[in-house]
Each structure stands twice: as C-alpha cells, then as structure tokens.
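Quick notes on the structure that follows.
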Amino acid sequence: MKDLKELKRNELINEFKNAGFPSYRGEQVFNWLYKNGVSVTEEMKNIPKDLREYIDENYKITDLQEKNKNISKDGTVKYLWELEDNENIEGVYIPFPESGRHSACISTQVGCGLGCSFCATGIDGLKRNLSAGEIVDQVLKIQQDISGDNFLEPRLSNVVFMGMGEPLANFDNLMQAVDIINADNGLNIGMRKMTISTAGLVPEINKLAETNDQIGLAVSLHAPNDRLRNKLMPINKKYNINQLLTAVINYIEKTGRRVTFEYVLRDSLDDSPELAVQLADLLRGINCHVNLIPANPVPELNIKRPVQKVIDSFYSTLDNNGIQVTLRKEMGSEIDAACGQLKRKQR
Ligand code: SAH
Ligand code: SF4
C-alpha cells in the first residue's frame, strides 16, 4: 500500500485525480497532512466520505507512535518512536532561543551498517531503511509537539539528518522526503535550512552535487589521516580521505555552498595538538568549517569525552591555523540527546 506521507503534493493530487476526484481534493488532503498535522481521515473535516473511504481502502498514512520523550533543561526534547514493525527510532528537537531557530534532528535508517567505532547506532548493524513517509513523519511529529492549537506555530525552521543511520545509504527515500519537507505549500522548510550528515559515501555526495539542491552537507571526518580514519570508520577503507575531499570539493564547486566537517573529540584517541595541525593542513583552502563535537560517552564502546582543557586547545590550534571552527554547544546532554543512546537504554 502506498503511504500518503511518501507522496509529493503533485503526486498526491494526481493519484486522486486518476481515481476520479477533482484536483482540489488532493490539495485539501495535502493541507490536512502538512498544515494541520492530521494523520487519520476521520479528522479531515472537509473531505467527503467517499474519498475518505477510498483513502482508507487504498492507502496507509504513517503515524509514528511516541514511546518515550525526554525534555532537557535547555529545552531540547528527545523522542523515541515506534514504527509499524515495532522497530524504534529517535529524533531530537533543539531550540535556539538566541537566533529563534527551531531545529529537528531526525533519523534515516533503523540502525546503521557502517559500524563506526565510537557510535552507539552502529552497534547492532543495519535493520532497514526508513521509508520516505517515516522520515517525513518525524518532522511532522516534532512540529506537532512544539506547536499549540495552531499546528505551524512556532514553525520548525531547520531539519538536520543526523539522527540514526547513514542518510546517503538511503538516497532515494531521503530525497523524496526532502522534497516533501521542502514543499512551499506544506512544511516549507527551505533547502538551505536542511543539512545531510554523511560518513562519506563518495558516489552519493557526487549525485547530490548534481541535483544542486542547495541542501547543506556535513561530512563526518573525525580523523585527518587514513591510518586513524581506517580504524575509526570502516567506510574509509572503501573511500579514503583523498577521494572524500575530492567529492566534497566538487560539491562546493557545483553548489557554491560551504561544507561542514564534523570532528568528534574522543579522549586520547584523536584529540592531540599534532592531529589538530594535520587537520588544519588537510583542510586549508577548502571553503569549509569544522564543527568540533566533544564525544558523547558510549560505555559499551569505551568512548570518553576529553577534558575541557584538551578540547579548548584543539579548538585554538585549528583557529590559529586559519581554520573556521565552532565547538558544538552541548544541548540536551543530560538526556543523552545524541546518537542512538536513548534507544539503547530502552532495551
Ligand atoms: N551517519 C551519518 C549521520 C548520523 S551520525 C554520519 O555519520 O554523519 C551524526 C553524527 O553523530 C556524526 O557526525 C557522528 O559521527 C556523530 N556521532 C556518532 N557517535 C557519536 C558519539 N559517541 N559522540 C558524539 N558524536 C557522535
Ligand atoms: Fe552510522 Fe553515522 Fe553512526 Fe557511523 S556515525 S555508525 S555512519 S550513524
């Protein structure tokens, strides 16, 4: 059965038109889904009974079930949802009161097949890809949760694909979802307000560059040389740093957008001043910025956060070497609002 939440607006209109309903009916249904946050046909008040029955018989409408929700003191909210097949995924809402941004961090797969040595999501491997509808519905669920009586107030302004899974390993569903989230008569979140985080799938980065969708790209680099990156991220044995940077430079040239490199700092693993200098040398001249992320501890993997002095010194070394660098503000750390950790604690 097709899922209404995996259809673009024009696809949805055409489906109903082909079944003999006028086009404005499709528009109305689209509005119920994306302007009112409705997921069941009974609540689609202006839709006649015959169309509601037609939908119920021929389509499903993904409706993630909230299993758990944790609210942090800084306003960050972490959600755990159950899918139709009882698998769980998570998403995070992050408010930025200073800038007025409201950001949703969402998942693209159940688990992940890339097995990075520091990541809780990868421990059990990949279960399956999320459908476009399951990706879209995470945004809808967060939007619904942050808004009061009026579904789109306040409005989510940003979406980052940095939850569970490797977004570019689920390319087609991801791009379909991006299109739906972007639709200007729906959630209307601009392409430039969305960011895909990837561990470095080179062919897909090139494919993304071709679409020139203006979507933000964040690359999980995490090490400045192949020897270390091979150890931390098995994907590096398939696409090494040189190949990855070539694809990133191509992305920058095609889209004109500055790329973010993510670098997780783990105690005694990748946090030395020598590595900071190597990183600066590697990235010099590339239109990018580095986002330093102090590691979220993963006890099973023996991952620890470095002490603040080491973090500060890594930051200054990059800064002094002319690299634009930011330190990720730790949001929601007391609720483990990152990287597969809530899900693991549930079991
Ligand atoms: N698979 C994609 C997106 C999901 S992971 C990717 O790897 O980029 C999102 C981010 O969380 C990545 O930068 C990832 O490296 C980071 N991450 C994974 N485990 C972490 C941990 N223990 N502490 C901090 N960040 C972590
Ligand atoms: Fe997968 Fe990203 Fe975790 Fe690596 S860091 S295992 S790519 S989710």
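Every number for a ligand or one of its atoms is a count from 1 in the order of the listing. All values below were derived from every heavy atom in this structure, side-chain atoms included, with hydrogens, water molecules and symmetry-related copies excluded. Numbers here simply count residues along the sequence, with the first being 1.
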Exercise for the section: Might you point out which heavy atoms bring Y93 and I142 nearest each other, and give the distance in Å? Expected result: CB-CG2, 3.7 Å
Handout entry: Pairing of R128 and E87 as salt bridge, 4.0 angstrom limit
Key = no
Fill in the blank from the handout: Residue, atom and distance of the protein heavy atom nearest atom 6 (S) of ligand 2 read C116 N, 3.4 Å
Fill in the blank from the handout: Heavy-atom proximity to atom 14 (C) of ligand 1, picking from R328, H222, M164, points to H222
Handout entry: Nearest atoms (heavy-atom pairs only) where G200 meets L244
Key = CA-CD1, 3.6 Å
Handout entry: Option whose closest heavy atom lies nearest to atom 5 (S) of ligand 1, chosen from G163, C119, C116
Key = G163
Completion exercise
Short version for A199: what comes under 4.0 Å of ligand 2, heavy atoms counted, is side chain
Exercise for the section: Return yes if some donor-acceptor pair links the side-chain N/O of Q176 with the main-chain N/O of E6 below 3.5 Å, else return no. Expected result: yes
Exercise for the section: If you have a sec, work out which protein heavy atom is nearest atom 3 (Fe) of ligand 2 and how many Å separate them, to one decimal? Expected result: C119 SG, 2.3 Å
Problem - Flag, side chain of Q143 to backbone of L156, donor-acceptor distance under 3.5 Å - result: yes
Fill in the blank from the handout: For atom 1 (Fe) of ligand 2, the closest protein heavy atom turns out to be C112 SG, 2.3 Å
Exercise for the section: Answer with yes or no whether the side chains of S197 and E262 bring together a donor and an acceptor at under 3.5 Å. Expected result: yes
Exercise for the section: Flag I293 as yes when one of its N or O atoms lies below 3.5 Å from any N or O atom of ligand 1, and as no otherwise. Expected result: no
Practice task
Report the part of V298 (side chain from C-beta onward, or backbone N, CA, C, O) that has a heavy atom under 4.0 Å from ligand 1; answer both or neither where that applies.
Solution key: side chain
Fill in the blank from the handout: Numbered in order shown, the ligand 2 atoms found under 4.0 Å of a heavy atom of G115 are 6 (S)
Exercise for the section: Kindly identify the option in A218, S220, P294 whose heavy atom sits closest to atom 12 (C) of ligand 1. Expected result: S220
Practice task
Measure from NZ or CZ of K207 to the centre of the six-membered ring of F171 and say whether it is under 6.0 Å with the direction within 45° of the ring axis.
Solution key: yes
Handout entry: Polar contact flag for F118 and ligand 1 (N/O pairs, less than 3.5 Å)
Key = yes
Exercise for the section: Determine whether the side chain, the backbone, both or neither of L301 has a heavy atom under 4.0 Å from any heavy atom of ligand 1. Expected result: neither
Handout entry: contact_flag A295 ligand 1 heavy-atom lt 4.0 Å
Key = yes
Handout entry: Proximity winner for atom 1 (N) of ligand 1, if only heavy atoms of G165, S197, A199 are counted
Key = G165
Exercise for the section: Using non-hydrogen atoms of the residue, decide whether G165 is closer than 4.0 angstrom to ligand 2. Expected result: yes
Practice task
Walk me through it: do E66 and Q144 pass the test side chain to side chain donor-acceptor pair (under 3.5 Å)?
Solution key: CA-CA 12 Å; E66 188 178 296; Q144 189 154 46; over 6 Å; no
Problem - Minimal non-hydrogen separation, E42 against D56, with atom names - result: OE2-OD2, 4.4 Å
Practice task
Indicate whether the side chain of K304 and that of S268 have a donor and an acceptor atom separated by less than 3.5 Å.
Solution key: no
Completion exercise
At under 4.0 Å between heavy atoms, what of E166 touches ligand 1? The answer is both
